[in-house]
Structure formats: structure tokens, C-alpha cells
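Working notes, structure below.
Reckoned from all heavy atoms, side chains included, excluding hydrogens, waters and symmetry mates. Proteins get letters first, then strands, A, B, ... in listed order; numbering begins at 1 in each. What you see is a predicted model, and the numbers here were worked out from it, not measured in a lab.
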There are 2 protein chains.
Amino acid sequence: MRDGHRTARILLVSRSERAYHHGDLAAALEAAAFELVDEAGHSSLSLREVARRADVSHNAPYHHYGDRASLLARLGALSMGGLLDRLEAAQRRTADRPPTERASAIAAAYIGFAADNHARFRLMNDPEICDPRHPSASMAPLLERVHGMLAELVDDLDPQAEPAGRAALRTAIWGAVHGLAELVVTGQIDRAEVAPALDALLGGHAPRPADPSTPPPSTA
Amino acid sequence: MRDGHRTARILLVSRSERAYHHGDLAAALEAAAFELVDEAGHSSLSLREVARRADVSHNAPYHHYGDRASLLARLGALSMGGLLDRLEAAQRRTADRPPTERASAIAAAYIGFAADNHARFRLMNDPEICDPRHPSASMAPLLERVHGMLAELVDDLDPQAEPAGRAALRTAIWGAVHGLAELVVTGQIDRAEVAPALDALLGGHAPRPADPSTPPPSTA
DNA sequence: CGCGCATCTGGACACTGCCAACATGCGCGA
DNA sequence: TCGCGCATGTTGGCAGTGTCCAGATGCGCG
């Protein structure tokens, strides 16, 4: 440390040359954490490595997140937000198209997000991190909106079904879309197999498999 | 340690009163590991705790599994074996019934296993542990058999579809069943919602939701 | 100006996975 | 039958981790 004048000028700007207070450390931590998650999955994420990448001490994160689990829960909620953005974009893009096409577009968006964000998708579906049954789940309102979209969709697909049948159809479709996403993420099926399967399921015409109009979500 | 005669007689039988060689340590380690997995999920499993429960030194497991990942992979393969057992039992039980009923029974068995074994189901579906793309995946032959069952089933359900359609229907059904299981495991839907959804999906009559004829798999 | 408190720091502890070196005793060949 | 090799077990050690504690820093408000 102390070597005569001030402090050693290490390569570039080191922590010692920065203001003591960071400014927006929480965001920087989340960005660094997403970097790690995308690189190697959330199970190997280390709070200390996050702090290192944000160029702060190993204890700084504790002033923004009580513990590792809280950080991961936050990342999960952010990821769910990213998924929801894609779903709503697909919904808007097909607002004036027939229901089957809308259903296909939304399903493709769901699975596309999972395929583009393996690690985040697994993170937000890990019940040890984001358990919807937990009372303080910050994901609850987001899940609510996903459910809402699904309900609306199924109502459009089959307007004259009685309530019980609609509920059953809703969870069936949800399960199928979610399951296909999971199979892609775990590498059990190839992404190319998704569109035909969706076709078989919804009967309608699935949109082109690639979905370039919605870029992968940024960290923010 | 040394307190006069022999060695301290600690409560019950301690490691020091046991034969130096264990006999079947591998099995004991797997049993202890499954215990931990079932209690708190595989992410928090610690090799040292496994060794402690098997009453051996913290390094003994390394002579049976190269590292933590290998132990978990082994547990994953064992779990997959348990699932396969249930599926084949359901298949045998409905061998002479109509295809839709057989499909319902097998789907219910799949989801029932997941519901009864949350932690093991998650373990064997974690791509960081059991990646089917990995060449040395010991689960490959098991997955093969699951695929075989699925193929046979879909062929029975729709005998005169052309190959492409059958493949699509196969992954669609697989995805739906897998997705419903995942939704139950992550707590996003209740187990009771499964049967109606399967009904909506397969059209047929699903078997009773509970499935008492196949007890939960033992550790072995 | 000065005080409080959110923020950030280094140090410490218990725990972990894994490596290296040594101990034990079963099984097999001479 | 002996004794030697090697799988199986042991203790010890290292680096890395999550979390707690006590102190340093500096922004904002009286």
C-alpha cells in the first residue's frame, strides 16, 4: 500500500483511486452477478467474485443484499421481468391477428427467451431461490401477469368452454410451453424441434423459429 | 483420544470401534447423500457432511467418486432409474388397456414421481450435473428407454400419422408432461390441477390422481 | 459547523472442495 | 504359508466461500 506518495498507481483506475462511495453499487453488483450467471450458472456464483468484478471489498454487497440468496432472488425477479417484456412484445406484435397465431407467437417468445438465456431461465425457476409460495416473493406480481396473459389467450382460443375446462386448458398449455422450454434448456431436445411440436399442439401455424425483432435483454 | 485403555468408548459404536474397511461404503455414501438431497436439495449438499453421516473421514468419498460432481451425477442416474421403474410399472399395469388410458397412466406416473421426489427430480434435470450432451453421461441409456416408451406410446395413439408428425407429437407430449411435472415441483401449480390438464391434453380419462400401487422408491 | 447514519473497508471464523502423504488390511502369487 | 501390492481408509493442509464484527469514510441535515 503505502509506498511514498499517496498510494500505488496500479494499472488503470483501482479501487483506491475511486471515490469511497460508489454511486450506484447495487446496479453494478447486479450487472456483475448476471455476467457470472450467464457465464457459469447461478450455482457457482460467488458473492466475493461479484464484489471483485464490481471492484469493491468482499463485504460491500452485504449492505445492499442481506445474503447470497437475496441477491439471487433479485436476479430471478429481474430475469422474470425480462421474460415478461418479451411476452408482452409478442402479444402487442400480434394484437390484431387470429388467436392461434397469437398463441404461437407468445409460446415462441417464451421458449425463445429460455433458449437465449439458459442460465437466467434456470435461475428464475429454481424453487430454492424463487419460490412462488414464499410470502415475500417479489416475483408474485410478475407471475400474476403471466397468468393473466395465459388466461386471456385461452379465452380467445376457446371462447365457449366452461370455466373448469378453461382452467384445465390453461395449465395444459402453460405446462407444455414451459416443458418445451425446459427440454431445450437442459439440452434434451434441439431448438429446431420446438416449432413442429408447437404446431402439433396448437394446430395453428407457428411463426418463424428465429425471432429477431426482440433482441436478448440487456443486463438492466 | 488415548485415555488409558484402548480408546474412549463414545456413545454407541464410533468409527474407532468399527473395522477399518467399511464393506460397502459406496452404497452408504449414496444413501447418506440421498438423505441430504431429499432434506435440502442438491445445491447445498456437502461431501463432508455426507462423509460425516456415513461415519467416515472427510476424504473417504474421494476414493469412490472423483469429486462432488461425480457423486451428484451418480445420484442423478439413480434417480432417473427410479423414474424409469415407475414408468415401466405403469406401462405394464395398463398393457392391455386402450392407448389413451395407457398414455394417461404413464403421464401420471411421470408427474407423480416428480411430485413425490421434488429434490431428486430437480437433481436429475440439472444440466450442470446431468447433461445429456455430455459423452460420458451414464444417463444416456436410461433416457433412451424413456424415449422408446414415448415413441411406442405416440405410435399407438395415432398409428397412421406420418413420421414427421409423430416426432412432433412425441416432443409435444413429452414437453407437456415434463412441463406439468416441473410446474408442480416449483410450486407454480398444485398437484390436483394436473389430472384435469392431462385430460384436456390427451382427451382421454386420466387415472385417479394418487397412485398408491407404486410406493416411493427406496434409496437403493 | 458538526453530528448521524448509510455505505464501504479489513479482519476473522467456520465451513467447503480438493490435494498430498501416510496407515491399514484384504487378496493373490510364490 | 508368507509377504507384498493396491484398493480403501486416515490425518493434515491449502485456498476459496458465506457471514459476522468493528472501524473508517463522507454525504446530508440540524
inquiry  = What verdict does the side-chain contact (heavy atoms from CB on, under 4.5 Å) test give for B/His58 and B/Leu47, after you've listed the backbone C-alpha separation in whole Å, the side-chain angles of each residue and the deciding distance to 0.1 Å?
reply    = CA-CA 7 Å; B/His58 69 265; B/Leu47 268 193; over 6 Å; no
ask   = Is D/dG30 paired to anything, Watson-Crick or G-U wobble with both distances less than 3.5 Å, and if yes, which nucleotide?
value = C/dC1
message = Which is more 5' along DNA chain C, the nucleotide nearest A/Ser57 or the one nearest B/Ala69? Just name the residue.
response = A/Ser57
query = Within this structure, what is the CG-to-P distance between A/Leu29 and C/dT7, rounded to whole angstrom?
reply = 12 Å
ask   = B/Asn59 has an atom CG; how far is it from atom P of D/dA7, in whole Å?
value = 17 Å
ask   = Can you list every pair that meets ring pair (Phe, Tyr, Trp, His ring centres under 6.0 Å) and has a residue in residues 173-196 of chain A, with sequence neighbours left out?
value = A/Phe121-A/His178, A/His147-A/Trp174
note = A/Tyr62 atom OH is separated from D/dC20 atom P, nearest whole Å, by 7 Å
ask   = Between A/Arg53 (CZ) and D/dT17 (P), how many Å, whole number?
value = 12 Å
request  = Apply salt bridge (charged side-chain N to carboxylate O under 4.0 Å, His left out) to A/Arg120 and A/Glu39, showing your working.
outcome  = CA-CA 10 Å; A/Arg120 300 187 191 193; A/Glu39 282 172 17; over 6 Å; no
inquiry  = Under 4.0 Å between a side-chain nitrogen and a carboxylate oxygen: does that hold for A/Arg191 and A/Asp116?
reply    = yes
Below 3.5 Å is the cut-off: list the nitrogen or oxygen pairs between protein and nucleotides 13-16 of chain C, distance only.
from, atom 1, to, atom 2, distance (Å)
C/dT16, OP1, B/Ser46, OG, 3.1
C/dT16, OP2, B/Arg52, NH2, 2.6

task = Specify the separation, in whole Å, of atom NE2 of B/His58 and atom C1' of D/dA15.
result = 14 Å
query = Can you check salt bridge (charged side-chain N to carboxylate O under 4.0 Å, His left out) on A/Arg122 and B/Glu128, steps first, answer last?
reply = CA-CA 11 Å; A/Arg122 296 220 99 240; B/Glu128 291 172 36; 5.9 Å; no
inquiry  = If you compare every side-chain N and O of A/His63 against the phosphate oxygens of C/dT9 (OP1, OP2), does one of them come in below 4.0 Å?
reply    = no
ask   = What pair of heavy atoms forms the shortest contact from B/Ala119 to B/Asp38, and how long is it?
value = CB-CA, 4.2 Å
